[in-house]
K.L.:
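Encoded as structure tokens, here's the structure I'll be asking about.
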Amino acid sequence: MGTVRLFDNIEKNDVKKMLTCFEAKKLHYKKEAMILSNIANTTQVGYIESGSAVIIRYNYNGSRTIIEKLNEGDTFGEFSSTFTEELYVIAEKETDVILFNYSKLVNRCKKNCEYHNKLVDNMVQVLSQKMQSYNERIEVLTKKTIRDKLLAYFNILTKKQISKYILLPFTLTDLADYLSIDRSAMMRELKNLKEEGLIETKGKRIHLNY
């Protein structure tokens, strides 16, 4: 089963009606602008209409950890409230976002519209997908060495992309932040993996030879 998005199988006109009912706001953000902060306490849901963003956490020493990459069609906000830390959503480039209140989504409207029912069904699947993604990330982060973290993450991508040729969703700098490892140490390990013939790289593309 493929990835489910919040507005899947809902007609565009019905989406417009829902957004009006939800009193949704369409906002535009420039690169590196903060879209939302303090997600753990937010009551809002955000939908990436175009562009991309990252959910990040700043560590005590000022370094950052990337919690999640958000692409067009992805959802954030109340869905990420399982985290107790203060998290921020930052635009990676010019990004258009739809924001609305979570209560508007879960409380059925008086007309009990069919498309609202479908939206709630989609939301349940989106939440399930997010929990699976977070569990995968925990699995990677609990690996003891940088090599094991990299290989575990590459293996997850091969399953998602159904190919030994994988495309990293991050720059190498962001990959290090996502895996909570030092970038220089990560680059050395990538070099070792290439010299051992385990991987081949070209920019953000990686071929696994194992």
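No hydrogens, no waters, no symmetry mates; every other heavy atom, side chains included, goes into these values.
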K.L.:
Is any side-chain heavy atom of Val45 closer than 4.5 Å to a side-chain heavy atom of Phe22?
P.N.:
no
K.L.:
For a 4.5 angstrom cut-off between non-hydrogen side-chain atoms, does Lys69 reach Ser52?
P.N.:
yes
K.L.:
For Ser128 and Gln125, indicate whether the former's side chain and the latter's backbone hold a donor-acceptor pair under 3.5 Å.
P.N.:
no
K.L.:
Are Arg147 and Glu196 close enough for a salt bridge, meaning some N to O gap below 4.0 Å?
P.N.:
yes
K.L.:
Could you tell me if the side chain of Asn209 sits less than 4.5 Å from the side chain of Ile199, heavy atoms only?
P.N.:
no
K.L.:
For the atom pair CG (Leu208) and OG (Ser163), what is the distance rounded to the nearest 0.5 Å?
P.N.:
8.5 Å
K.L.:
When you measure from the side chain of Lys204 to the backbone of Leu172, do you find a donor-acceptor pair of N or O atoms at a distance under 3.5 Å?
P.N.:
no
K.L.:
Which heavy atom of Ala91 sits nearest to which heavy atom of Ala53, and what is that distance?
P.N.:
CA-CB, 4.0 Å
K.L.:
What heavy-atom pair brings Tyr29 and Met34 nearest, and what distance separates the two atoms?
P.N.:
CE2-O, 3.6 Å
K.L.:
Rounded to the nearest 0.5 Å, what's the gap from CD1 on Ile55 to CD1 on Ile35? Could you check?
P.N.:
9.5 Å
K.L.:
Does a side-chain heavy-atom distance below 4.5 Å link Val54 with Tyr178?
P.N.:
no
K.L.:
Could you state the interatomic distance from CG (Leu36) to CD1 (Ile90), rounded to the nearest 0.5 Å?
P.N.:
9.5 Å
K.L.:
Same hydrophobic cluster for Leu179 and Phe170, using side-chain heavy-atom links shorter than 4.5 Å among ILVMFWY?
P.N.:
yes
K.L.:
Of all heavy-atom pairs between Thr65 and Ser180, which one has the smallest distance, and what is that distance?
P.N.:
CG2-OG, 3.4 Å
K.L.:
Indicate if Leu150 and Ile156 have the same hydrophobic cluster label, given that clusters are the connected sets of ILVMFWY residues with side-chain heavy-atom separations under 4.5 angstrom.
P.N.:
yes
K.L.:
Looking only at heavy atoms, what is the nearest atom pair of Leu70 and Thr75, with distance?
P.N.:
CD2-O, 3.8 Å
K.L.:
Can you confirm if the aromatic rings of Phe100 and Tyr47 lie within a centre distance of less than 6.0 Å?
P.N.:
no
K.L.:
If you take all heavy atoms of Arg183 and Ala176, which pair is closest and at what distance?
P.N.:
CA-CB, 3.8 Å
K.L.:
Using the rule that two of Ile, Leu, Val, Met, Phe, Trp, Tyr join whenever any of their side-chain heavy atoms come within less than 4.5 Å, decide whether Leu141 and Met186 are in one cluster.
P.N.:
no
K.L.:
Specify the closest pair of heavy atoms between Leu6 and Val126, including all atoms of both residues, with the distance to one decimal.
P.N.:
N-CG2, 4.1 Å
K.L.:
Are the side chains of Asn135 and Glu139 in contact, using a 4.5 Å heavy-atom criterion?
P.N.:
no
K.L.:
Say you draw a straight line from NZ of Lys159 to CD of Glu136; how long is it, rounded to the nearest 0.5 Å?
P.N.:
8.0 Å
K.L.:
Show your reasoning for whether side-chain contact (heavy atoms from CB on, under 4.5 Å) applies to Lys30 and Glu94.
P.N.:
CA-CA 5 Å; Lys30 294 184 177 181; Glu94 299 274 333; 3.9 Å; yes
K.L.:
I need the Leu193 CG to Thr201 OG1 distance, nearest 0.5 Å.
P.N.:
10.0 Å
K.L.:
If we only count heavy atoms from C-beta on, is the Ile146 to Asp182 side-chain gap below 4.5 Å?
P.N.:
no
K.L.:
Return the OG1 to OH distance between Thr43 and Tyr102, rounded to the nearest 0.5 Å.
P.N.:
11.5 Å
K.L.:
Going by atom types only, do Asn101 and Glu23 share a side-chain donor-acceptor pair under 3.5 Å?
P.N.:
no
K.L.:
Using 4.0 Å as the upper bound for N to carboxylate O, is an ion pair formed by Lys149 and Glu189?
P.N.:
no
K.L.:
Identify all side-chain donor-acceptor contacts of residues 7-19 below 3.5 Å with residues at least two apart in sequence or on another chain.
P.N.:
| from | atom 1 | to | atom 2 | distance (Å) |
| --- | --- | --- | --- | --- |
| Asp8 | OD2 | Arg5 | N | 2.9 |

K.L.:
So, do Tyr153 and Leu168 sit near enough that their side-chain heavy atoms are less than 4.5 Å apart?
P.N.:
yes
K.L.:
Would you call Gln44 and Lys25 a side-chain contact if the rule is heavy atoms closer than 4.5 Å?
P.N.:
no
K.L.:
Return the set of residues passing salt bridge (charged side-chain N to carboxylate O under 4.0 Å, His left out) with Arg64 (not counting sequence neighbours), or none when no residue passes.
P.N.:
Asp174, Asp177
K.L.:
What's the verdict on salt bridge (Lys or Arg N to Asp or Glu O under 4.0 Å) for Arg137 and Glu68, showing C-alpha distance, side-chain angles and the deciding distance?
P.N.:
CA-CA 9 Å; Arg137 186 164 186 275; Glu68 185 179 356; over 6 Å; no
K.L.:
Report whether Leu190 and Leu167 are members of the same hydrophobic cluster (ILVMFWY, side-chain heavy atoms less than 4.5 Å apart, transitive linking).
P.N.:
no
K.L.:
Do the side chains of Val89 and Ile56 join up, straight or via other hydrophobic residues, at under 4.5 Å, putting them in one cluster?
P.N.:
no
K.L.:
Is it true that, when you exclude Tyr165 itself, more than 12 heavy atoms of the residues, nucleotides or ligands shown sit nearer than 6.0 Å to its OH?
P.N.:
no
